[in-house]
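What follows is a single structure, written as structure tokens, with notes after it.
No experiment lies behind these values; they were computed from the predicted model shown.
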Amino acid sequence: MNRLDQLCVNTLRFLSVDMIQKAASGHPGLPLGAAPMAYVLWSRHLKHTPADPAWFDRDRFILSAGHGSALLYSLLHVYGYGVSLDELGNFRQWDSLTPGHPERTHTPGVELTTGPLGQGFAGGVGMAIAEAHLAARFNRPGHTIIDHYTFGIAGDGDLMEGVAYEAASLAGHLKLGKLIYLYDDNQITLAGPADVAFTENVAERFAAMGWQTLAVADGNDLDAIDRAIGEAKQDTARPSLILIRTHIGFGSPVQDSCKAHGEPLGKDNLLKTKQNLGWPETPAFHVPAEALDHFQSSTRQGIEQASAWQSALEAYARAYPELADELTAAINGKLPDDWNAQIPSFPTDPKGLATRAASEKILNAIGPKLPALIGGSADLNPSTKTVLAGMGDFGPEKSSANTWSFAGRNIHFGVREHAMGSIMNGLAAHGGIIPYGSTFLVFSDYMRPPIRLAALMKLKTIYVFTHDSIGVGEDGPTHQPIEQLAGLRAIPGLVVIRPCDANETATAWRAAIEGPDKPVALILTRQNVPTLDRSELASAEGLERGAYILADAPDKRPDIILIASGSEVQLIVAAREKLLDKGIQARIVSMPSWELFDREPDAYRESVLPRSAQPRLAVEAGASQGWHKYIGDQGDVLGIDHFGSSAPGDRLMQAYGFSVENVCERAMKLLKK
């Protein structure tokens, strides 16, 4: 490499290792080894501008190997994203813009929260799906409005994680040609050489999944990296993996050792590294003026590209005003005025229908009015009822006789729950998309890492979890969720909603779409539940407040409060009448969402569940954990704290005490205390 390029690469290297050394914490190995590939990508290929970091047609860059965050912060500093030298000096410290792993919305220029390995890789697949879908939907001859790449840097650890291969398999199948990953192939992990656990032929495996694979033998050969990225961009029918052979901790005394991975070099080794690479020993955080000028000169092209895009968008708006309005609304997260106009209202029906079936009707009522809504299931559409009818299947066109196209809105994720959740994060983070994904509630466990990250990022993702209790029946305890509701409710920032009937399900979908940017989990039944008589009971719109009084004691002075969610609400409705026959006045409360209820003002929560000493009984066919917050010292929970069994669902409900008779018995027992 020429002298100026070498100066720029070393600037990135030593900004990174200086901040790690000052913090006495971090991962110097990746920045020292991968700085050349990052420099080539950002200076020669990445379409971006710090003048408008949210410019919609920018290329997206994901550091999937998020432990190398110091390298990303160094890039953001030298390219002018507002990450100052002071912030670099506060790496991994309280209230800094430079946390230990990259965090979306926290640091300017960070596209996706990464750190748990494989999550960034899979999220990038979601971003590439979003680009392909929006391009197919909005581009017109002579008006290419959506046209960008998703780039990322992944390491050995990323490619060991199963979620990366789930996502890679789907990306190859979908022919996402504008997805390009640079593989930091340093053959070292935290604990030792990668080959103690990882000896597969990565190139052959990716090729078998439909990827273009390219190799660069020397991670310091900038021109070879440049050519490989250029070649990857030419293949628009396959995603690309560029295997770049690097040396972890390059130039340091611990080069090619796991010791370079996750701990500062130390004062002596840092000094030797600077000497080895011809870098001034002092001062720390040295940025040569010549290098800084070169970095920032390369951003001028991005400013010009962003300006040209804005002009192109204005021309597009003149040619296709309705499409332009739709695109602008999607980019800004604005809902169409009439998006919910066709949501059905369900008549009273003692037999009712499963809330998953109600959800299907609701989803297909809002789908035509809300084009930003796209999604699918982990090979369970017939069971989760999440097909957008007539909206086409997302994927490359196979023939004129089928509905496959990148404009299609039904994504076939395959049996890949983990990747589905991570891809949904990428879809939401990209912008212009409201993603949903579905599976059985018990399999939400496979998705927990990306759900947690969605909550951390405040992403608007919607999970449709059906088959929500032992009511699943004959499939038995492997498919019957017990602890999953409690586990989901434990995730900060995730809104969990378990509606009791079709009309609450309609309100739940409205809350999920209209609510603030945060993930929402809809918990739906397999079995039919009655559609409640809302002329006798409170409106289902009470769901928006998390919990509401369905019916009160005749004199509004209840002897006991019965609380339930989902399919068990029908039990407390019937129990109220039986208790009244016995002279016991009960208030019944539908509580579909703890999170929505907890954000209500104290006065409202007091009006529903007063702090006075009435006994309370909570009824839910799931783990009792967490309900004690709402039942108080004199309360009880009718739950299920053991695994289920294989039998028809109604038989199981009866056997495990979810009957009107048992609710009444438990209520009267509380009153005798």
Side-chain angles (χ1 to χ4, degrees), residues 41-62 79-81 108-112 124 126-152 174-180 229-230 232-237 239-240 296-336 370-374 392 394 396-397 405-409 426-435:
L41 176 61
W42 279 62
S43 64
R44 304 185 190 180
H45 293 276
L46 193 70
K47 187 169 65 170
H48 70 109
T49 172
D52 187 5
W55 165 39
F56 196 71
D57 202 40
R58 70 193 182 279
D59 291 335
R60 271 58 169 183
F61 172 75
I62 301 165
Y79 283 104
Y81 278 84
V110 173
E111 300 281 7
L112 202 66
M127 289 188 169
I129 289 174
E131 193 278 341
H133 175 73
L134 294 171
R137 182 166 183 81
F138 291 106
N139 289 350
R140 293 294 184 270
H143 296 274
T144 302
I145 299 301
I146 306 297
D147 182 17
H148 53 266
Y149 287 86
T150 301
F151 294 100
L174 293 175
K175 303 184 186 301
L176 299 175
K178 297 175 85 171
L179 174 66
I180 300 172
I229 296 173
K233 291 165 72 175
Q234 295 304 309
D235 190 337
T236 58
S240 294
Q296 298 192 351
S297 67
S298 70
T299 65
R300 293 176 194 142
Q301 183 180 10
I303 294 172
E304 294 168 359
Q305 289 169 324
S307 177
W309 183 79
Q310 186 59 44
S311 298
L313 183 62
E314 292 167 2
Y316 178 74
R318 291 190 293 271
Y320 300 98
E322 291 184 1
L323 282 175
D325 287 345
E326 183 183 312
L327 175 60
T328 301
I331 291 172
N332 294 328
K334 184 177 184 297
L335 300 174
L370 191 59
L373 185 68
I374 71 171
F394 178 86
E397 292 186 9
S405 80
F406 284 138
R409 291 170 58 191
L427 286 164
H430 179 279
I433 301 287
I434 301 173

(message) Would you say the rings of His45 and Tyr149 are close, in the sense that their centroids are separated by under 6.0 Å?
(response) no

(request) Only one of Asp235, Asp59, Asp147 passes side-chain contact (heavy atoms from CB on, under 4.5 Å) with Lys178; say which it is. (result) Asp147

So which atom in [X] and which in [Y] form the shortest heavy-atom distance, rounded to 0.1 Å?
X: Leu112; Y: Ala429; result: CD1-CB, 3.7 Å
X: Leu427; Y: Ala130; result: CD2-N, 3.7 Å
X: Ala136; Y: Ala407; result: CB-N, 3.5 Å
X: Gly432; Y: Leu134; result: O-CD2, 3.9 Å
X: Leu179; Y: Gly124; result: CD1-O, 3.7 Å
X: Ile146; Y: Ala135; result: O-CB, 3.6 Å

(message) If you count heavy atoms of other groups shown closer than 6.0 angstrom to NZ of Lys175, is the number above 12?
(response) no

(request) Decide if atom CD of Gln296 counts as having more than 12 heavy atoms of other residues, nucleotides or ligands within a radius under 6.0 Å. (result) yes

(request) Let me know which of Trp42, Phe151, Tyr81 forms a ring pair (Phe, Tyr, Trp, His ring centres under 6.0 Å) with Phe61. (result) Trp42

Quick one: [atom1] on [X] to [atom2] on [Y], what's the gap to the nearest 0.5 Å?
X: Ile433; Y: Ile374; atom1: CD1; atom2: CD1; answer: 4.0 Å
X: Ile303; Y: Gln305; atom1: CD1; atom2: CD; answer: 10.5 Å
X: Ser298; Y: Arg44; atom1: OG; atom2: CZ; answer: 11.0 Å
X: His48; Y: Thr299; atom1: NE2; atom2: OG1; answer: 7.0 Å
X: Ile229; Y: Leu46; atom1: CD1; atom2: CG; answer: 9.5 Å
X: Asn139; Y: Thr144; atom1: CG; atom2: OG1; answer: 5.0 Å

(request) Evaluate the ring planes of Phe394 and His133, with Trp represented by its six-membered ring, and classify them as parallel (under 30°), tilted (30 to 60°) or perpendicular (over 60°). (result) tilted

Review item, side-chain donor-acceptor pairs of residues 320-331, under 3.5 Å, at least two apart:
unit_1, atom_1, unit_2, atom_2, d
Glu326, OE2, Arg137, NE, 2.8
Glu326, OE2, Arg137, NH2, 3.0
Thr328, OG1, Ala324, O, 2.9

(request) Under the side-chain hydrogen bond (donor to acceptor under 3.5 Å, both in side chains) rule, collect the residues that match up with His143, sequence neighbours excluded. (result) none

(message) Can you list everything that forms a side-chain hydrogen bond (donor to acceptor under 3.5 Å, both in side chains) with Thr150? Sequence neighbours excluded, please.
(response) none

(request) Measure the shortest side-chain to side-chain distance between Leu313 and Asp57 over non-hydrogen atoms and say whether it is less than 4.5 angstrom. (result) no

(request) Decide yes or no for Met127 and His148: does some side-chain heavy atom of the first lie under 4.5 Å from some side-chain heavy atom of the second? (result) no

(message) Run Ile180 and Leu41 through side chain to side chain contact (heavy atoms under 4.5 Å, CB included) and show every step you take.
(response) CA-CA 11 Å; Ile180 300 172; Leu41 176 61; over 6 Å; no

(request) Tell me, please, whether Phe56 has Arg60 positioned over its six-membered ring: NZ or CZ under 6.0 Å from the ring centre and within 45 degrees of its axis? (result) yes

(message) Salt bridge check, Asp52 against Arg58: does any charged N sit closer than 4.0 Å to a carboxylate O?
(response) no

(message) When you measure from the side chain of Tyr316 to the backbone of Phe138, do you find a donor-acceptor pair of N or O atoms at a distance under 3.5 Å?
(response) yes

(request) Say whether, by atom type as modelled, one donor and one acceptor occur between the side chain of Trp309 and the main chain of Ile145 under 3.5 angstrom. (result) yes

